[in-house]
J.: 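This structure is in structure tokens; I'll ask about it shortly.
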Amino acid sequence: MAVRMRNRRTVSSALVALAAISMVAGCSSDDGDKAATSPTPSSAKPSKTVSADEAQARKDVVGAYQGMTDERVAAYAKASLAGSHITKYATGAALRDVKDAVFVNMQNGIIVNGEPKIIVSDDSVTLGSGGGAAQRASMRVCFDTNTWKPIDKKTGKSVAPPNQVKRYIITAHLQKQSDQWRVTDEKADKGRTC
């Protein structure tokens with residue numbers, strides 16, 4: 001079963017030289033990323049019973065990714081991090097990528113209207129050893145940018161690259177820091193539609 005979550009804010013994407021939508025696609029340049037190998041979904045898996053702590057941890061991981069996405073949406077919508085709470089949900093490469101995209105958007109007069117759709121399946125969150133007490137996690141997200149449009153702030157015209165994949169898989173890594181899950185990096189696989 002898939003759970004659909006929608007962002008509550010609008011987004012902005014950098015197109016000129018460093019498109020924010022492209023940044024989402026290439027958020028991590030680490031080709032040795034363990035999670036970059038995509039597990040094949042299996043419907044023949046026996047259902048696994050998880051503890052209440054593990055179920056809560058999975059929910060918190062998804063909530064952290066959603067929180068980062070909501071903050072990214074708000075920042076891209078105005079090409080500014082003013083008033084943003086992005087550091088509550090993102091750190092490391094993920095935080096750097098959002099900041100870089102916002103800066104490029106601001107420099108190029110690009111904002112993004114609308115919001116992406118995020119689809120997270122029940123088995124897409126993997127906790128590190130320790131189950132609910134894990135300090136690290138990874139997750140697969142179906143990221144749909146069909147309703148997230150980069151536009152030129154002055155002209156109102158779309159600046160989206162032609163023929164760009166708009167629905168693809170993102171693998172995100174998270175770490176628990178001071179009782180708060182934060183996204184540390186994410187990598188898009190535009191070769192895998194969802």
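Just the heavy atoms: all of them, side chains too, but no hydrogens, waters or symmetry mates, feed the values below.
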J.: Within a strict 4.5 Å, meaning less than it, do heavy atoms of the M139 and T126 side chains meet?
T.: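 No - every pair of side-chain heavy atoms lies 4.5 Å or more apart.
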J.: Determine whether L81 and I86 satisfy the following criterion, side-chain contact (heavy atoms from CB on, under 4.5 Å), listing intermediate values before the conclusion.
T.: CA-CA 8 Å; L81 286 168; I86 191 71; 4.3 Å; yes
J.: So how far is it from Q177 CD to K88 NZ, rounded to the nearest 0.5 Å?
T.: 14.0 Å
J.: Verify, without hydrogens or angle tests, whether K149 (side chain) and N146 (backbone) share a donor-acceptor contact under 3.5 angstrom.
T.: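 Here the side-chain-to-backbone pair exists.
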J.: Let me see the working for E186 and R140 under salt bridge (charged side-chain N to carboxylate O under 4.0 Å, His left out), right down to the final yes or no.
T.: CA-CA 10 Å; E186 59 178 359; R140 285 183 324 279; over 6 Å; no
J.: Quick one: name the residues clustered hydrophobically with F103, using the 4.5 Å side-chain heavy-atom rule over I, L, V, M, F, W, Y, and just say none if it's on its own.
T.: M106
J.: Strictly distance-based, threshold 3.5 Å: is any side-chain N or O of T147 a donor or acceptor partner for the main-chain N or O of E115?
T.: yes
J.: Could you walk me through whether N105 and I111 pass side-chain contact (heavy atoms from CB on, under 4.5 Å), step by step?
T.: CA-CA 7 Å; N105 287 349; I111 59 172; over 6 Å; no
J.: Donor-acceptor pair, distance only, cut-off 3.5 Å: does the side chain of T69 make one with the backbone of Y65?
T.: yes
J.: With rounding to the nearest 0.5 Å, note down the distance linking SG in C142 to NZ in K117.
T.: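 Spacing of SG (C142) from NZ (K117) equals 10.5 Å.
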J.: Output yes when a side-chain donor or acceptor of S178 lies under 3.5 Å from a complementary backbone atom of Q180, and no otherwise.
T.: no
J.: Out of M68, Q135, K59, K176, which one pairs with W181 under the side chain to side chain contact (heavy atoms under 4.5 Å, CB included) rule?
T.: K176
J.: For P150 versus I110, what's the shortest heavy-atom pair and its separation?
T.: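 Result for this residue pair: CB-CG2, 4.2 Å.
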J.: Would you say the side chain of L127 lies within less than 4.5 Å of the side chain of R58, judging by non-hydrogen atoms?
T.: yes
J.: Shortest non-hydrogen contact from S80 to A82?
T.: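 Nearest pair, atom of S80 first, then A82: OG-N, 3.0 Å.
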J.: Roughly how far apart are D70 CG and I118 CD1, rounded to 0.5 Å?
T.: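 Result: 7.0 Å between the selected atoms.
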J.: Would you confirm whether R182, through its side chain, and Q175, through its main-chain N or O, come within 3.5 Å as a donor-acceptor pair?
T.: no
J.: So, for I151 and S158, which heavy atoms are closest and what is the spacing to 0.1 Å?
T.: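 Where I151 meets S158 most closely, the heavy atoms are CG2-CA, 4.1 Å.
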J.: Given R192, which partner from the list T171, I170, I169 fulfils the side chain to side chain contact (heavy atoms under 4.5 Å, CB included) test?
T.: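 Answer to the side chain to side chain contact (heavy atoms under 4.5 Å, CB included) test with R192 among T171, I170, I169: I169.
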J.: Can you confirm whether L174 sits close enough to S138 that some side-chain heavy atom of one is under 4.5 Å from a side-chain heavy atom of the other?
T.: no
J.: The test is salt bridge (charged side-chain N to carboxylate O under 4.0 Å, His left out); show your working for R167 and D144 and say whether it passes.
T.: CA-CA 4 Å; R167 189 174 163 117; D144 185 341; 3.1 Å; yes
J.: Are V62 and V125 side-chain neighbours, meaning at least one heavy-atom pair lies under 4.5 Å?
T.: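 Answer yes - side chains close enough.
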